[in-house]
Structures are given as C-alpha cells and as structure tokens.
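These notes are about the structure you will find just below.
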Amino acid sequence: MESVRVRFAPSPTGPLHIGGVRTALYNYLFAKKNKGTFILRIEDTDQGRFVEGAEEYIMQSLEWCGIKVDEGIKEGGDYGPYRQSDRKDVYRQYADVLIDKGDAYYAFDTPAELDQLRIQAEKTGNTFIYNSAVRGMLNNSESLPENKWKEKLNSGEPYVIRYKMPRNEDFHFDDVIRGHIVVNTDTLDDKVLFKSDGMPTYHLANIVDDHLMEITHVIRGEEWLPSLPLHFMLYRSFDWRAPLFAHLPLLLKPDGKGKLSKRDGDKMGFPVFPLFWPYGETAKGYREEGYYPEAFINMLALLGWNPGTEQEIFSMDELIEAFSIDRVGKSGSRFDPEKVKWFNHQYLQKRTDNQLAIEFREILRTKGHHVDIGELESLVKIVKERVSFVREIWDQTDFFFEAPKTYDPEAVRKRWKEDTPAILRELKSELAKTDNLSAAQTEAVIKAWIEYKGYSTGAVMNALRLVLVGSLRGPHIFDIISWIGKEETFRRIDKGIDVIGR
RNA sequence: GGUCCAUUCGUCUAGUGGUUAGGACGUCAGGUUUUCAUCCUGGUAACAGGGGUUCGAUUCCCCUAUGGACUACCA
C-alpha cells in the first residue's frame with residue numbers, strides 16, 4: 001500500500017490566518033491518521049507579493065499549534081527543495097513538455113492589451129475569456145505563422161506560456177468532499193502557466209511539485225475548486241496520475257457576509273491570527289491573547305468537521321485517531337469567537353495548579369508582586385474554575401495582593417449600617433483569640449460567633465467582604481482570610497472602618 | 001454578468017424515506033453559592049420557499065431564493 005503524502009502549501013504573502021491554520025491542521029490530521037507524511041511547501045512564485053517574515057511566521061505558527069512538519073525547509077527531506085523559488089529551474093522544462101505536445105503555446109499579448117479586451121467585453125455585458133473561441137485572433141503561436149512567432153521569441157519579446165484548453169469538451173472529475181463535477185471546457189480559459197518573469201504560475205508549479213513530491217492527497221481551500229478542472233487537465237496532459245482532491249469549505253465572517261479575511265480580526269475584536277504579527281499592519285494573535293494552542297486547535301478542528309459522536313474535547317492524538325475526511329462538511333462555517341473562549345476555559349481547568357501558578361507568576365511579576373510558588377498554587381486552586389484565561393486570574397485575585405483602595409458605593413449603601421463598625425471590631429477581637437486561621441477553622445469560629453451573638457449572617461459577612469475586597473465579589477471569604485493572614489485581615493478591617501466611617 | 005459550490009436552532013453541528021429532529025456555544029429561568037463567578041437543572045430556538053417522486057418527505061429530483069468562491073503574467 002502506497003503511503004500517504006500530503007502537503008500544506010501556503011504562499012508567504014503575510015501572516016497565516018485561522019483558515020490557513022485549519023487547512024494545515026486537516027492535512028496534518030489526515031496524514032497522521034494514515035501514518036503518512038506531512039509536508040510544508042512554500043509557494044513563493046509571486047515575487048511581487050513576497051512579504052518579509054511571513055515564511056518564518058508560518059513555521060512558528062504551525063509549531064505553536066503542535067502541527068509537526070515531516071518534510072520542509074527546516075526539516076529537510078528527499079523531495080526538496082521545499083521552497084518554490086529554490087525550484088525555479090525545474091518548472092520550465094515541464095512547460096516545454098506541454099508545448100512540444102501541443103497542449104500549450106506562447107502568447108505575446110501584453111497585460112495592457114488584455115485589460116483593454118476585458119474592458120471592452122464588459123461594456124457589452126460579456127466576459128472576456130482567453131480560450132479556443134478567440135485564441136486565433138490574438139497574438140500567440142497558435143494564430144501567428146511559425147516564422148513570425150519564432151522571430152518574436154528569438155528577438156527576446158516578452159511572452160507567457162498558456163495552456164491550450166480543449167474546445168467544447170465535457171470534462172468529468174471528482175472531489176472527495178464535493179463528489180462528481182462536470183464542467184464544459186468552453187467555460188474555462190487558457191490559463192497562463194509560465195510568466196514572462198521566468199517564474200511558473202501557481203497552476204504549473206503546484207501540479208509539477210505535487211507530482212515530483214509524490215503527493216497522494218491534496219487537501220486545500222474551496223477557493224481552488226474553480227481551477228480544479230485545469231489541474232486535472234494538466235495531469236492528463238502530462239500523463240501523470242492525479243492525486244485525490246478534497247476541497248475544504250471556507251471559514252466565514254462571524255457577522256454574516258463573506259469569507260473570513262485578515263482584516264476582520266481587529267474590526268470585530270477577536271484575533272484571526274495564531275500569533276502576533278509584528279510587521280506592517282500589526283495584528284494580535286491567539287497566543288498573545290492567552291489562548292492555549294490545544295484549545296485553539298480543538299476549536300478549529302470542529303469548525304467544519306465533526307467526529308460523529310458527542311465528544312467535543314479532543315487532544316491532538318484523539319483528533320488524529322478520530323479524523324476522517326468524509327466527516328468534513330460541505331458548507332462554509334461561520335467562525336464564532338465565543339466558542340473558542342469556552343474551549344479555553346475547558347483546557348484551563350485541566351491544567352494542574354502548579355502549571356497555572358507558574359503561568360500566573362509571570363503576570364504577577366509585571367504587577368510587581370513576587371510570591372512563593374506554593375502559595376500561588378493554593379491561590380490558583382481557589383479561583384481557577386472562575387476563569388477562562390490565566391490573565392483573568394489577576395482580575396479575580398487582585399485583592400489578595402493589594403488592600404482595596406476604594407469601596408463600591410452601591411455595596412456600602414446596601415451593606416454598611418450604623419452598627420457595622422462595632423460588629424467588625426468585635427469580630428476582630430474574636431478572631432484574635434485563634435492562632436490557626438485555616439479556611440475551615442475561620443469558618444467555624446466566625447459562624448459560631450455569629451450564632452452566639454445572634455447577628456445576621458448576611459450583614460456580617462457582606463460587611464466583612466466589603467472591607468477585605470472592596471466590593472461584593474470574589475471567592476469564599478474564609479479562603480481569602482486564610483490566604484492573606486490574620487494581620488492583613490485586621491489591617492483591612494481597620495482601614496475599612498476608617499475610610500467608610502460612621 | 002458568467003462558471004462552479006452550498007443551504008437543519010442566533011452560531012458550530014448530528015441525524016433519518018415514518019424521530020418528541022439530538023448535542024454543544026450563546027441566551028433566558030430556577031437551584032447551589034451569605035457576594036460575584038463557576039457549577040447543576042430546566043427552558044428557548046432549526047430542516048430557506050415552491051413544485052414533484054412516494055402511502056409518507058427534513059431526507060430523493062427539479063425550479064426559485066439566498067449565501068459563497070472563482071472569473072489576474074496572485075496564490
């Protein structure tokens with residue numbers, strides 16, 4: 001049995017967005033599920049759109065996501081080079097093969113001339129298609145006499161090589177996700193295969209490389225579906241066996257219209273990139289926003305694919321095990337930023353207190369607090385289930401580190417009565433009698449005391465919370481007292497009485 | 001405009017020629033929590049429309065509508 005080889009083939013024109021990451025992920029899952037090879041090929045045949053740093057960004061993004069490349073620029077492999085600009089020399093000979101076979105030809109039309117034709121066609125409500133219908137009237141080796149076009153060629157006049165799309169043929173082919181598709185070749189055009197700058201276009205480079213790299217399955221975005229007939233046609237012309245194709249549905253904008261684009265992130269307040277992109281127009285990434293790669297990947301995997309069971313939380317290994325291309329949907333998926341947060345919450349709960357303490361310690365440092373890791377573990381334990389992100393731990397625990405500076409006026413109005421200061425002072429002296437202020441011990445002491453005195457539990461507890469936290473929020477009050485200690489508790493009671501007064 | 005693709009709760013989706021059309025996110029309500037959040041329980045909400053085929057269509061076919069992709073010497 002032939003081994004599976006798939007490739008993710010982005011073009012380094014900027015940061016990879018989540019749609020691209022998902023394509024990479026599905027390729028990876030498919031490869032690993034089938035004990036195959038995942039290849040990263042950089043398609044940089046358009047020199048004009050090359051963006052510095054993009055290639056490195058792509059590799060780092062995959063790494064952060066836990067998508068491991070088997071063959072690629074950094075990893076090496078037997079089918080390199082893995083960057084198309086480094087393969088420049090291999091493409092021309094294949095274009096020539098097509099010319100020799102009569103399946104391609106030289107064309108000398110300038111971009112300006114073609115633009116003109118398109119504009120003219122548009123005026124009459126038509127679309128200009130460079131194909132068998134007009135080929136003979138244009139400036140190419142099909143229309144010109146042989147001596148004429150050879151002369152142009154020899155004189156160094158710029159030219160492109162175009163594929164000679166057959167006339168009026170119903171062309172049948174299959175897509176793993178879409179099924180059987182039939183297209184009449186008259187609706188297709190004579191695509192440029194080789195550009196005047198000496199570089200191949202996507203179509204040629206892609207087919208040649210997939211063949212040379214022995215790719216068995218092409219899994220890519222749906223935006224390529226319209227050019228699939230051309231690609232199959234090329235395989236036929238070369239007399240190569242075509243790989244299987246699977247076109248993934250697109251990711252759509254959360255608010256409705258159109259496919260998700262790189263600009264949507266900042267516009268709608270959620271990241272569309274895995275990592276921060278520091279060049280040009282800067283854009284935030286999931287990593288910097290505090291998402292775990294496992295959560296990000298889990299969400300992405302389920303956007304357009306489902307396991308057919310009700311399981312939702314998947315590790316990468318579980319995804320590999322469960323993945324199947326037949327369970328990829330046909331329609332576009334609207335990206336929902338809310339659901340990623342939920343996934344992150346799930347993954348955060350699965351982390352150990354020690355891991356979270358280490359992560360939180362970094363944030364604490366930036367706030368100027370240096371706390372023993374053991375203490376942080378006990379703190380994290382108290383609040384972890386309340387948060388979805390590590391950075392939110394600070395929002396839930398700021399009052400553990402800093403006494404309240406202000407007191408929520410609304411809470412004061414509702415919970416601070418005439419006799420509150422006196423009660424709190426009483427409570428203080430009651431607590432002073434105890435040395436052990438564990439949460440359980442504190443709870444026992446306070447509750448017994450409240451009962452003995454016949455006070456209202458709500459009144460005491462809320463007032464106490466108010467002086468300790470500054471507002472009516474946060475975890476159990478006994479946990480707070482236990483963590484900050486007796487002295488700090490007393491200081492806060494005094495300060496609260498002093499500031500709130502009466 | 002042309003070509004191709006798609007269409008189940010607001011969103012991601014399961015599903016079947018006969019189901020109370022299932023789950024998750026969100027949302028709402030109740031419970032737990034002396035607070036807030038979490039959590040638990042419950043509710044809300046969908047087969048785009050019209051024709052067929054059929055004893056019966058959400059499911060199969062056609063049309064329409066809507067959405068999307070492509071329509072470059074970009075990928």
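Owing to the predicted nature of the structure, the values given are computational and were not obtained by experimental measurement. Chain identifiers are assigned alphabetically (A, B, ...) following the order of the sequence lines, protein sequences preceding nucleic acid strands; residue numbering begins at 1 within each chain.
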[X] near the nucleic acid: base, sugar-phosphate alone, or nothing, with a heavy-atom cut-off under 4.0 Å?
X	answer
Ser333(A)	sugar-phosphate
Ser331(A)	sugar-phosphate
Val160(A)	base
Lys330(A)	sugar-phosphate
Asp109(A)	base
Gly304(A)	sugar-phosphate
Arg415(A)	nothing
Pro475(A)	base
Glu385(A)	base
Leu188(A)	nothing
Arg220(A)	nothing
Asp46(A)	sugar-phosphate
His345(A)	sugar-phosphate

Do [X] and [Y] have side-chain atoms, one donor and one acceptor, less than 3.5 Å apart?
X	Y	answer
Tyr292(A)	Glu359(A)	yes
Tyr91(A)	Asp209(A)	yes
Asp170(A)	Asn184(A)	yes

If I pick the [atom1] atom on [M] and the same atom on [N], what distance separates them, to the nearest angstrom?
N	M	atom1	answer
rU38(B)	rC25(B)	P	12 Å
rU53(B)	rU58(B)	C1'	16 Å
rC47(B)	rG10(B)	C1'	16 Å
rG23(B)	rG67(B)	C1'	26 Å
rA72(B)	rU13(B)	C1'	37 Å
rG49(B)	rU66(B)	P	15 Å
rG30(B)	rA57(B)	P	43 Å
rU27(B)	rU44(B)	C1'	8 Å

Residue closer to the 5' end of RNA chain B, Ile477(A) versus Thr13(A) (nearest nucleotide)
Ile477(A)
Trp305(A) vs Asp44(A), nearer the 5' end of RNA chain B by closest nucleotide
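Result: Trp305(A).
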Does [X] make a side-chain donor-acceptor contact with the base of [N], cut-off 3.5 Å?
X	N	answer
Arg49(A)	rC74(B)	yes
Arg334(A)	rU11(B)	no
Thr127(A)	rG1(B)	yes

Should [X] be listed as having a side-chain N or O under 4.0 Å from OP1 or OP2 of [N]?
X	N	result
Lys259(A)	rC70(B)	yes
Arg162(A)	rC73(B)	yes
Thr45(A)	rA75(B)	yes
Asn306(A)	rA14(B)	yes
Arg465(A)	rC36(B)	no
Lys195(A)	rA72(B)	no

In whole Å, what is the span from the CZ atom of Phe108(A) to the C1' atom of rC73(B)?
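These atoms are roughly 14 Å apart.
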Please determine if Arg22(A) forms a cation-pi arrangement with Phe335(A), meaning its NZ or CZ atom is less than 6.0 Å from the six-membered ring centre and no more than 45° off the ring axis.
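Not satisfied by the 6.0 Å and 45° rule.
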Is it the case that Arg220(A) places NZ or CZ above or below the six-membered ring of Phe245(A), under 6.0 angstrom from the centre and within 45 degrees of the axis?
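No, a cation-pi geometry is absent between Arg220(A) and Phe245(A).
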Measuring from the side chain of Trp342(A) (C-beta onward, heavy atoms only), which nucleotide among rA75(B), rA24(B), rC73(B) has the closest atom?
rA24(B)
Around Glu451(A), counting heavy atoms of other residues, nucleotides and ligands shown, do more than 12 lie under 6.0 Å from its CD?
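No, CD of Glu451(A) has 12 or fewer neighbouring heavy atoms, counting only those of other groups under 6.0 Å.
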Could you identify the nucleotide paired to rC4(B), looking across every strand shown and requiring Watson-Crick or G-U wobble geometry with both distances under 3.5 Å?
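Check on rC4(B): paired to rG68(B), both distances under 3.5 Å.
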Can a salt bridge be assigned to the pair Asp189(A) and Lys191(A) using a cut-off of 4.0 Å between side-chain N and carboxylate O?
yes
Less than 4.0 Å between a side-chain N and a carboxylate O, is that true for Arg236(A) and Glu169(A)?
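Between Arg236(A) and Glu169(A) there is a salt bridge, with a charged N closer than 4.0 Å to a carboxylate O.
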